[in-house]
Amino acid sequence: MTATLVGAEYGPAFAELRAERKARVLAAMERDGVDALILGRSGNGKYVAGHRDLWRAVLGGFGPMVVLVRSTGGIHLAASTWDDGIPAEIPHENLTGLTWNPREAVSGLVRAEGLSDCNRIAADGMSPGIAGLLDMLAPGVELVDGEALMREVRRVKTPAEIEVMRTGIGIAEGCLAAAVERIAPGVSEREVQAAFMDAMASSYAVTIPAFAGIFRVAGDLPPLPGASGRVVSDGDSFVISAAVMYAGYEAAVVRTWVPGQPAEEPAALTELVAACRPGCLPSQLAAFAGDQPQPGPVVVGLGMGVEPPVAGGPADLTGFANEPLEAGMVLGLQLWSGGVLSGCMVQVRDGEPVRLTPPRTAP
């Protein structure tokens, strides 16, 4: 791909990116003898279809079930009849109406061209009821694990994906600068958080934060998620850990600000970045935190949201913590040390890792 991936989420460059992702998935299906994929997990579905989630009042994002049939290459979306946010290459007739009835949802998917002829279907998770309905509507079909297939495909990022993530990081840095401008004596933590969110939505037209983030006056203990009504006092340091979702990909920024400038990054972060090489275990990276309590995982895989591995942190989340890193993975790193929260996004490469998030800078 040579197109620059900047601009409208569904512009020509993004059509190329979606085609590239789809081709990778189809190749993995061919290799594993999978005739169709049924994907209910948001990241997996968006990787294949490239749709935007629907957002509803009070509730969180809602994504349709996605079906990819290998023989036809057709992508079908269940529980979605609204074309907004659906890529142009998915025709309207491939959308199945919104329903809370599992039988209706499955019967709509089974009408997908080529699905009734499938012998081996991979799913990334479903209830026993859905599995039973599939067996009724497609008798004798073999159900296998689709999560492992998708995890393997998504693990290594393409150059085009890295470009999208870099654009997201630029947006997150812009939002960070807007939030930092609000840090002053008498301003509450919530006002700083609001400045980040306002910049995200109004300046960059990105309306989905990846998570609630951390917007806190720094203290002796690891900062809690979110923000409170506590106000900044003269001389306070301030911690921000936040992320945006751009074109489905997560982009995170982590900074601690002492009065008027970013805090020095601890040497441990430099060493942690340097250790992100193929063959290293995520559990070894988590060990860089030592015995310091942490506000969250020390290392997470990043892509379309959080991906394996997840290692370190207060809950000792160790998903795939002992699977060696592979060139092409993108990791989010975060360390709490000496009253400073620091972190960055890193691409694992053969040789020196590449730091995607720029070093600390003043706005």
Side-chain angles (χ1 to χ4, degrees), residues 168-200 209-244 250-276 285-286 288-300 302 312-314 331-346 355-363:
I169 289 169
I171 292 173
E173 289 284 344
C175 298
L176 174 70
V180 168
E181 288 180 356
R182 290 289 294 142
I183 300 175
V187 173
S188 74
E189 295 173 348
R190 290 197 183 99
E191 288 178 274
V192 177
Q193 182 183 33
F196 185 97
M197 300 300 177
D198 179 67
M200 181 184 69
F211 51 84
I214 297 173
F215 298 84
R216 295 282 186 177
V217 173
D220 296 329
L221 298 176
L224 296 172
S228 73
R230 180 178 177 178
V231 300
V232 179
S233 298
D234 190 31
D236 278 344
S237 296
F238 202 94
V239 172
I240 297 178
S241 175
V244 303
E250 181 167 332
V253 287
V254 184
R255 296 284 195 283
T256 297
W257 287 82
V258 297
Q261 63 181 351
E264 290 287 344
E265 292 179 349
L269 180 65
T270 302
E271 296 170 1
L272 176 58
V273 170
C276 295
L285 299 179
F288 276 83
D291 57 1
Q292 287 282 318
Q294 298 294 314
V298 175
V299 55
V300 297
L302 291 182
L331 305 176
L333 309 176
Q334 180 173 274
L335 272 179
W336 170 259
S337 178
V340 172
L341 187 68
S342 60
C344 61
M345 290 174 60
V346 174
R355 178 167 172 160
L356 301 178
T357 310
R360 61 184 187 84
T361 53

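Counting all heavy atoms, side chain and backbone alike, Val244 lies closest to Gly168 at CG2-O, 3.7 Å. Looking at every heavy atom in both residues, Leu224 comes nearest to Ile214 through O-CG2, 3.6 Å.
Within the 4.5 Å cutoff, the side chain of Leu221 has no heavy atoms near those of the Pro293 side chain. Between Thr357 and Glu173, some side-chain heavy-atom pair lies under the 4.5 Å cut-off. In this structure, Val254 and Leu341 have side chains that are in contact, with non-hydrogen atoms separated by less than 4.5 Å.
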Side chain to side chain contact (heavy atoms under 4.5 Å, CB included) between Arg182 and Phe196, intermediate numbers included: CA-CA 9 Å; Arg182 290 289 294 142; Phe196 185 97; over 6 Å; no
Test side chain to side chain contact (heavy atoms under 4.5 Å, CB included) applied to Arg355 and Leu333, step by step: CA-CA 10 Å; Arg355 178 167 172 160; Leu333 309 176; over 6 Å; no
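Side-chain atoms of Ser233 never come within 3.5 Å of backbone atoms of Asp236 as a donor-acceptor pair (strictly under, hydrogens ignored). Side-chain N or O atoms of Glu191 include one that pairs as donor or acceptor with a backbone N or O of Ser188 at under 3.5 Å. Checked by atom type and distance alone, the side chain of Arg255 never pairs as donor or acceptor with a backbone atom of Pro262 at under 3.5 Å. Put simply, the side chain of Gln294 never gets that close to the backbone of Pro222: no donor and acceptor are under 3.5 Å apart. Side-chain N or O atoms of Gln193 include one that pairs as donor or acceptor with a backbone N or O of Ala212 at under 3.5 Å.
Annotation: the span from Ser228 atom OG to Phe215 atom CZ amounts to 12.5 Å, rounded to 0.5 Å. Separation of atoms CG (Leu285) and CG (Leu335) is listed at 10.0 Å; rounding is to 0.5 Å.
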